[in-house]
Amino acid sequence: MQYWLMKSEPEEYSIDDLAAEDDLSTYWDGIRNYQARNFMRDGMKIGDQALFYHSSCKVPGVTGIAEIVSEAYPDHTAFDAGDKHFDAKSDPENPRWLMVDIKLVRKLNRIIALSELREHASQMDGFRLLQRGNRLSLFPVEKRHWDYILNLE
DNA sequence: GCCAACGTTGGC
DNA sequence: GCCAACGTTGGC
């Protein structure tokens with residue numbers, strides 16, 4: 001089993017939005033970065049778990065745990081000219097962008113803020129979120145980092 | 001709103 | 001293939 005971190009802007013889609021879904025699950029659309037897509041395509045497996053991270057907000061940080069509940073499949077929002085994530089270069093016959101389905105495992109009891117994680121930098125070496133210029137919205141997390149972060153809760 | 005970092009695009 | 005211009009991300 002592999003661990004991941006997935007970023008979302010809470011104003012777009014928050015952990016509470018996920019918690020409010022009937023079946024606690026949604027499709028993770030809008031990935032438009034090749035490296036992130038390749039992680040979904042080549043690395044994600046059903047049953048993997050992900051830290052749900054809030055970005056571009058007042059208190060950026062880890063807010064919950066989600067489970068990957070599908071393999072990667074074509075992101076249909078790329079074909080919809082009315083969609084924010086429309087990409088004219090993604091051909092339905094040969095889709096450029098993919099998505100997966102995720103399901104809420106649980107909300108954390110509290111937000112583990114980015115600022116708090118930085119205070120533990122010595123234990124977090126190699127954790128991509130804290131690395132300079134990190135912009136990837138989706139990346140693998142080592143088990144030792146996963147365990148350490150959740151032990152902060 | 002600012003700006004550093006980084007990915008993508010497109011002319012040559 | 002190089003690289004300047006441009007767009008996006010995301011913390012602060």
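Chain naming here is simple, since letters A, B, ... match the order of the sequence lines and numbering starts at 1 in each. Not measured: the values here are computed from a predicted model.
In this structure, A:His145 has its ring center at least 6.0 angstrom away from the ring center of A:Tyr3.
Comment: A:Glu116 engages A:Arg110 in a salt bridge, judged by a side-chain N to carboxylate O separation of less than 4.0 angstrom. Taking a cutoff of 4.0 Å between a charged side-chain nitrogen and a carboxylate oxygen, A:Arg37 and A:Asp75 do not qualify as a salt bridge.
With hydrogens and angles left out, the side-chain atoms of A:Arg32 and A:Thr77 include a donor and acceptor closer than 3.5 Å. Of the N and O atoms on the side chains of A:Ser25 and A:Asp23, at least one donor lies less than 3.5 Å from an acceptor on the other residue.
For A:Gln35 and B:dA5, the CD to P distance is 18 Å, given to the nearest whole Å. Atom-to-atom, CZ of A:Arg132 to C1' of B:dC6 comes out at 11 Å; the value is rounded to the nearest Å. Distance A:Glu12 CD to C:dT8 P: 14 Å, rounded to the nearest Å. The distance between atom CH2 of A:Trp97 and atom C1' of B:dG7, rounded to the nearest whole Å, is 10 Å. Atom CZ of A:Arg96 and atom C1' of B:dT8 are 10 Å apart (whole Å).
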Pairwise N/O distances under 3.5 Å, protein to nucleotides 9-12 of chain C:
| unit_1 | atom_1 | unit_2 | atom_2 | d |
| --- | --- | --- | --- | --- |
| C:dT9 | O3' | A:Arg135 | O | 3.4 |
| C:dG10 | OP1 | A:Lys7 | NZ | 2.7 |
| C:dG10 | OP1 | A:Arg135 | O | 3.0 |
| C:dG11 | OP1 | A:Tyr53 | OH | 2.8 |
| C:dG11 | OP2 | A:Ser56 | N | 2.9 |
| C:dC12 | OP1 | A:Arg118 | NE | 3.4 |

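The aromatic rings of A:Tyr13 and A:Phe52 lie tilted to each other, with the angle between the two planes from 30° to 60°.
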